Amino acid sequence: MLPCNTTPMDIPRRRGQRLKRQLDSIIIHFDYDAFYASVIEAETPSLRARPLAVQQKQIVVTCNYEARRRGLYKLQLITEAKKTCPDVVIVLGEDLTRFRNASKELYAFLRSFSWNSRCERLGFDEVWMDVTDIVDYNVRLLNQNDLANTFFCLSKTDPTEGFAFDASGVAGHTYPEVTSTEADAPRDLWDPLRLRLHLGSHLAQHLRQKLVSKKGYTCTVGVSTNKLLCKLVGNVHKPSDQTTLLPPYTSEDGCDNVTSFIDEHEVGKIPGIGFKLAQKLRAHVLQQPADFDSGLVYGGTNEKVLVRDIRTFSDMGPETLERILGGPGTPHGIGAKVWGLLNGCDDTEVGQARDVPTQISIEDSYVRLVALEEVTKELLVLSRSLLRRMHADLLDDDEDLQVSPNDGANIAAISEKRWLAFPKTIRLSTRPRPPQNPDGSRNRSFARISRSAPMPNFVFSLKDGIEVLAERLVKETLVPLFRKLHPEKSGWNLSLVNVAATGMVDAASEKGGVGRDIGKMLKRQGDVLKQWKVYDTGGQDQTKEEVDVSMQVQDVWDEKNLEPSPPPPPIRPSESRIGSEDIPTPSQELSFLPEDRWESEDEDMLDDDSYRCEECGGVMPIFAMGAHARWHAQN
DNA sequence: TGGGGTCCT
DNA sequence: AGGACCC
């Protein structure tokens with residue numbers, strides 16, 4: 001065991017009670033090695049032997065381990081990297097498409113092993129999996145008297161699916177390191193936590209091997225009982241390896257492995273304690289403002305303050321931390337949260353796997369962007385990318401097109417696609433270049449400003465090409481947003497422009513379900529209706545008049561606002577297929593399906609009063625259908 | 001110093 | 001709408 005010279009005040013307290021470490025879960029954290037570089041290598045395996053760097057603008061965003069051996073590192077300037085390693089292979093990586101695709105594929109692969117779907121991605125290259133249920137299932141199955149010959153079941157239904165392993169030991173490295181002379185005392189195996197961590201480590205190793213054999217990617221893994229600890233402990237052996245944090249996890253005097261492990265970390269290295277919090281914490285224990293590299297916005301600190309220095313500082317605890325860190329604008333409970341982190345406690349759950357992101361954004365940075373004409377051009381480039389991303393990430397997975405084998409020129413679009421989610425909002429952000437100081441220098445700032453607008457419905461059209469939609473989006477939405485953001489006619493100078501689709505509403509979340517909360521449902525329904533803004537051409541006026549369908553909900557008793565004609569009768573799916581190249585006629589433009597009460601195998605249940613538009617997959621109440629149909633007819 | 005993301009206020 | 005955090 002590690003030397004232990006901490007004070008007795010080690011177990012975190014809150015209002016006199018012990019704050020318990022989470023010991024009931026087994027969690028694995030995956031971190032793909034040098035991810036962008038690995039994606040490039042997977043495409044071009046000959047590069048594996050070369051020093052490889054991925055470039056975005058002027059910097060090396062990541063590089064493979066061969067390059068690191070030669071002195072390159074992340075976020076290094078390209079010029080410097082070339083000086084250090086003249087024969088480095090540099091690949092441009094500003095377009096993230098392939099990295100995003102690889103990330104999605106690996107995530108889906110790991111997800112397929114999960115039983116509880118608690119599988120959370122962070123960035124493109126990290127995944128947590130809560131494997132508690134798998135581990136506990138296997139603990140119940142194993143024979144305590146013959147741990148060396150255990151079979152790990154990966155399926156609840158197929159007992160042959162799995163692998164053999166020795167449950168008496170850990171797979172891979174441990175923290176602290178276990179020497180062979182002090183091999184596990186038999187009684188250790190009676191510690192249920194220890195046994196569960198053993199199983200977790202073997203599962204982690206199996207998944208790592210599968211990731212290599214099936215996907216060709218190596219990763220670094222940590223195994224522990226909460227998100228914080230498994231993420232941190234993985235870093236102990238990098239790359240392409242794994243580390244398990246061994247018990248004991250608790251003690252009266254701080255002589256547990258959690259405390260000794262986390263205590264050695266520089267405070268800013270703790271996930272959740274960013275630059276701002278770390279500086280406040282450093283300033284407190286140093287009794288003076290913490291110094292930092294002013295040349296950088298989020299520069300490295302010049303101080304080394306360890307978790308232990310803070311944790312054992314006089315009067316330290318959640319209340320003191322709340323005083324130091326709290327204040328207007330800060331999340332409440334920050335003191336308790338940070339106190340937890342400093343003690344290795346993290347009760348946040350591994351998030352449920354999601355199939356749509358909550359936001360899609362696309363950005364580019366510029367050396368100089370000043371004229372409105374240039375801005376408009378860039379907005380068009382960004383809009384195309386955003387629309388492509390929306391199609392890639394928000395449409396369900398069927399094939400885009402099927403080329404008719406008889407006639408290559410005749411491309412029949414089989415439009416099985418549905419929107420899985422609708423972003424309600426579009427946001428334009430810029431990063432203005434900071435104005436010059438009197439002395440001629442420039443303050444460095446990465447602050448952005450933004451304006452938002454409702455996402456116009458036409459972007460969801462599956463008939464119109466991305467090019468025409470992008471042009472319309474720029475003209476009708478983004479340029480107006482830009483004028484709102486920068487009312488001055490000129491003088492601005494932008495270093496970055498970002499366009500984002502936000503406020504994602506899951507199409508499935510509008511479906512009904514037994515026992516749903518009615519108030520919540522109505523609120524959500526309102527949200528969705530708000531986004532069903534349609535263009536009403538009822539008047540002679542050529543200018544399109546925006547009509548918010550949600551208004552019609554309130555005005556539903558007003559005869560004038562009711563739809564003049566009833567919706568066409570519902571059409572069965574087989575009759576209602578409309579190719580996306582088809583031009584809908586007024587009589588067939590609509591094909592709304594009512595809830596399918598007679599097909600119980602259909603999981604795609606809607607609310608009793610909700611209808612789905614076959615054209616775009618949108619879900620809406622019956623009174624919204626007429627206006628919706630006219631919108632389609634126009635688009 | 002990039003091009004993304006999440007959640008909170 | 002912005003700010004903090006994460007990669």
Side-chain angles (χ1 to χ4, degrees), chain A residues 29-36 53-63 73-81 92-100 103-104 107 120-128 219-220 227-228 231-232 234-235 268-280 293 295-300 325-334 337-338 341 346 348 351 354 356-367 382 385-386 389 393 425 427-431 444-453 481 484-485 495-504:
Chain A
H29 178 259
F30 300 83
D31 187 336
Y32 313 130
D33 300 321
F35 183 57
Y36 286 10
V54 179
Q55 176 183 199
Q56 287 174 344
K57 297 297 184 299
Q58 337 236 40
I59 65 169
V60 172
V61 284
T62 196
C63 55
Y73 50 92
K74 289 181 187 176
L75 302 191
Q76 185 177 30
L77 284 171
I78 285 285
T79 53
E80 219 180 298
L92 198 63
E94 290 165 15
D95 182 341
L96 303 186
T97 305
R98 23 182 191 168
F99 309 129
R100 186 179 297 109
S103 175
K104 274 171 93 169
Y107 178 59
E120 180 183 347
R121 210 158 41 135
L122 180 60
F124 286 177
D125 68 338
E126 291 184 23
V127 174
W128 282 279
C219 61
T220 295
K227 288 175 68 180
L228 200 223
K231 176 169 171 156
L232 282 178
N235 293 330
K269 291 290 197 323
I270 304 300
I273 301 182
F275 179 77
K276 298 274 174 137
L277 287 177
Q279 286 298 85
K280 289 183 186 175
D293 192 336
L296 304 164
V297 173
Y298 283 103
L325 307 172
T330 64
H332 26 263
I334 187 72
K337 186 195 156 192
V338 168
L341 296 177
D346 173 13
T348 61
R354 286 183 184 173
V356 290
T358 66
Q359 168 192 311
I360 294 173
S361 80
I362 170 95
E363 69 190 41
D364 204 347
S365 58
Y366 308 89
V367 178
L382 295 175
S385 299
L386 184 71
R389 290 273 316 279
D393 295 351
T425 305
R427 183 183 63 213
L428 175 67
S429 311
T430 63
R431 186 175 69 197
R444 288 219 171 245
S445 164
F446 282 75
R448 297 171 179 205
I449 55 176
S450 70
R451 293 295 182 271
S452 301
L481 270 182
K484 224 167 108 184
L485 194 54
S495 58
L496 178 141
V497 178
N498 175 300
V499 182
T502 69
M504 212 63 76

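By convention in this document, chain letters (A, B, ...) are assigned in the order of the sequence lines, proteins followed by strands, and residues within each chain are numbered from 1. What you are looking at is a predicted structure, and each value in this text was computed from that prediction instead of being measured.
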Assign [X] to base, sugar-phosphate, or nothing according to its heavy-atom contacts below 4.0 angstrom with the strands shown.
X        : result
A:Arg121 : nothing
A:Ile449 : sugar-phosphate
A:Ile273 : sugar-phosphate
A:Gln359 : base
A:Asn498 : nothing
A:Leu382 : nothing
A:Gln55  : nothing

Going by atom types only, do [X] and [Y] share a side-chain donor-acceptor pair under 3.5 Å?
X        : Y        : answer
A:Arg121 : A:Ser103 : yes
A:Thr220 : A:Asp33  : yes
A:Tyr107 : A:Glu126 : no
A:Arg431 : A:Ser495 : yes

Any side-chain N or O of [X] under 4.0 Å from OP1/OP2 of [N]?
X        : N     : value
A:Lys57  : B:dG2 : no
A:Arg431 : C:dG2 : no
A:Thr358 : B:dT6 : yes
A:Arg427 : C:dG2 : no
A:Ser365 : B:dG3 : yes
A:Arg448 : C:dA1 : no
A:Ser452 : C:dA1 : yes
A:Lys231 : C:dC7 : yes
A:Thr330 : B:dC8 : no

Any idea which of [options] is nearest the [X] side chain?
X        : options             : value
A:Arg354 : B:dC7, B:dG3, C:dA1 : B:dC7
A:Ala447 : C:dG3, B:dG2, C:dC6 : C:dG3
A:Phe275 : C:dC5, B:dT9, B:dG4 : C:dC5
A:Tyr36  : B:dG3, C:dG2, C:dC7 : B:dG3
A:Asp125 : C:dG3, C:dC5, C:dC7 : C:dC7

Are the aromatic ring centres of A:Phe99 and A:Phe124 under 6.0 angstrom apart?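 No, too far apart.
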5' priority, DNA chain B, between A:Leu75 and A:Ile362 [closest heavy atom]: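 So the residue in question is A:Leu75.
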Of A:Arg100 and A:Gln76, whose nearest nucleotide on DNA chain B comes first from the 5' end?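 Upstream on the strand: A:Gln76.
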Any side-chain heavy atom of A:Lys269 within less than 4.5 Å of one from A:Leu232?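 Answer no - side chains too far apart.
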